[in-house]
2 protein chains.
Amino acid sequence: MPKFISNNKVYYTPVEYVLSKVGGTYKMPLLWRLKDQGKRFSELKNSFERISDRMLSKSLKELVDDQFLAKKVFAEIPVRVEYHITEKGKRAIPIISSLRDYGFQLINEDGIQIEP
Amino acid sequence: MPKFISNNKVYYTPVEYVLSKVGGTYKMPLLWRLKDQGKRFSELKNSFERISDRMLSKSLKELVDDQFLAKKVFAEIPVRVEYHITEKGKRAIPIISSLRDYGFQLINEDGIQIEP
DNA sequence: CCGTATCCAACATGATACTG
DNA sequence: CAGTATCATGTTGGATACGG
């Protein structure tokens, strides 16, 4: 089996590595929302029914640190901040797209009702 | 935004739902190892460099409960148990395949050494 | 407006020992 | 051989309050 070391952490499968970067509850949904245009912190916040400031901030920060997103700060008052997808981030979009499709398929197979 | 309810838990995105079923460290790697032939508990255990009995058992059980895998027990002494992928499980394989490919791509982009 | 700090609950994972 | 039980630890995410 392969074995990768990054930031003093050991990964044993490529899937494990991917999920460490874009896994979790919000990261892929965030990239998906930003695939076509940049958005502000508040826009992103409002696009989820629930999400704490803390998790939105933390998820965005990690995506920026890992260069999936870029952050642009406008020195206005009050300050305006925009997040944009990067070239690296764009390469994740086809994967997220097929995961989404598969998600809807699973939800269907499992007979789950989607609420309006 | 959509909203799904399953087993008294609320999911807000299809990605979140998928990851609740096949996310985590071992589930997709397990499905991947079983895509072509059935394998025994001990074979699966040996195919990971590290994995506790507990996590292997737990992951397999959940995949069986969710019908991604089927379990076959042979009444031999000592007992032999085989895990096989189901039709439902097979539908996850293309997704796992592209996630794996993307994983290797990311590992490459990030300049990570793969140890032998 | 866009966050960070703090505290806390829930869950994921690991180590070890034990059993049909 | 194929697990389960128990205990310990780390990580994830939520709630709330506060700050530039």
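Numbered from 1 within each chain, the chains take letters A, B, ... in sequence-line order.
In this structure, B/E76 atom CD and D/dC1 atom C1' are separated by 11 Å, rounded to whole Å. For the pair A/I77 CD1 and D/dG19 C1', the interatomic distance rounds to 16 Å; values are reported in whole Å. We find that NZ of A/K9 is positioned 14 Å from C1' of D/dT9, with the value rounded to whole Å. Between B/R80 atom CZ and D/dC1 atom C1' the separation is 12 Å, expressed in whole Å. If you take CD of B/E82 and P of D/dG3, they are 12 Å apart, rounded to a whole angstrom.
Nearest heavy-atom pair, B/I85 versus B/L69, reported as atom, atom and distance to 0.1 Å: CA-CD2, 3.7 Å. Closest of all the heavy-atom pairs between A/E43 and A/K39 is OE1-CA, 3.5 Å. Across B/I107 and A/P14, no two heavy atoms sit closer than the pair CD1-CA, 4.2 Å.
Using a 4.0 Å heavy-atom cutoff across all strands shown, A/F74 reaches no nucleic acid atom at all. B/K71 comes within 4.0 angstrom of the backbone, heavy atoms only, and of no base.
Within the 4.0 Å cut-off from OP1 or OP2 of D/dA2, at least one side-chain nitrogen or oxygen of B/S42 is found.
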Go through the steps to decide whether B/V10 and B/F4 satisfy the test side chain to side chain contact (heavy atoms under 4.5 Å, CB included), and finish with yes or no.
CA-CA 6 Å; B/V10 188; B/F4 334 105; over 6 Å; no

Passes side chain to side chain contact (heavy atoms under 4.5 Å, CB included), B/V81 versus B/K71? Steps please.
CA-CA 7 Å; B/V81 177; B/K71 176 178 179 173; 3.9 Å; yes

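Listed by residue number, B/R54, B/S57 are the residues of residues 54-69 of chain B with a heavy-atom contact under 4.0 Å to DNA chain D. Across residues 22-31 of chain A, A/G24, A/T25, A/Y26 each have a non-hydrogen atom less than 4.0 Å from an atom of DNA chain D (numbered order).
Taking the salt bridge (Lys or Arg N to Asp or Glu O under 4.0 Å) definition, one finds that A/K45 meets it with A/D53, sequence neighbours left out. For A/K61, there are no side-chain hydrogen bond (donor to acceptor under 3.5 Å, both in side chains) partners at least two apart in sequence or on another chain. For A/K90, the side-chain hydrogen bond (donor to acceptor under 3.5 Å, both in side chains) criterion is met by A/E87, not counting sequence neighbours. In terms of the side-chain hydrogen bond (donor to acceptor under 3.5 Å, both in side chains) criterion, residue partners of B/E82 (sequence neighbours excluded) are, by chain and number, B/R80, B/H84. B/K72 meets the side-chain hydrogen bond (donor to acceptor under 3.5 Å, both in side chains) test with no other residue; sequence neighbours excluded. For A/Y17, the ring pair (Phe, Tyr, Trp, His ring centres under 6.0 Å) criterion is met by A/Y11, not counting sequence neighbours.
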Can you give the donor-acceptor pairs under 3.5 Å from side chains of residues 23-31 of chain B to other protein atoms, not counting sequence neighbours?
unit_1, atom_1, unit_2, atom_2, d
B/K27, NZ, B/K21, O, 3.4
B/K27, NZ, B/E62, OE1, 2.7

Fill in the dot-bracket string of DNA chain C, one character per base: . for unpaired, | for a pair to another strand, ( ) or [ ] for pairs within the strand, taking Watson-Crick or G-U pairs under 3.5 Å.
|.||||||||||||||||||

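Of the two residues contacting DNA chain D, namely B/Y83 and A/D53, the nearest-nucleotide position lying further toward the 5' end is that of B/Y83.
Residue pairs meeting the side-chain hydrogen bond (donor to acceptor under 3.5 Å, both in side chains) criterion with at least one partner in residues 92-107 of chain A, sequence neighbours excluded, are A/Q105-A/E109.
Nucleotides of DNA chain C with any atom under 4.0 Å from a heavy atom of chain B span, from 5' to 3', C/dT13 to C/dA15.
The cationic atom of A/R91 (NZ for Lys, CZ for Arg) does not lie both less than 6.0 Å from the six-membered ring centre of A/F68 and within 45° of the ring axis.
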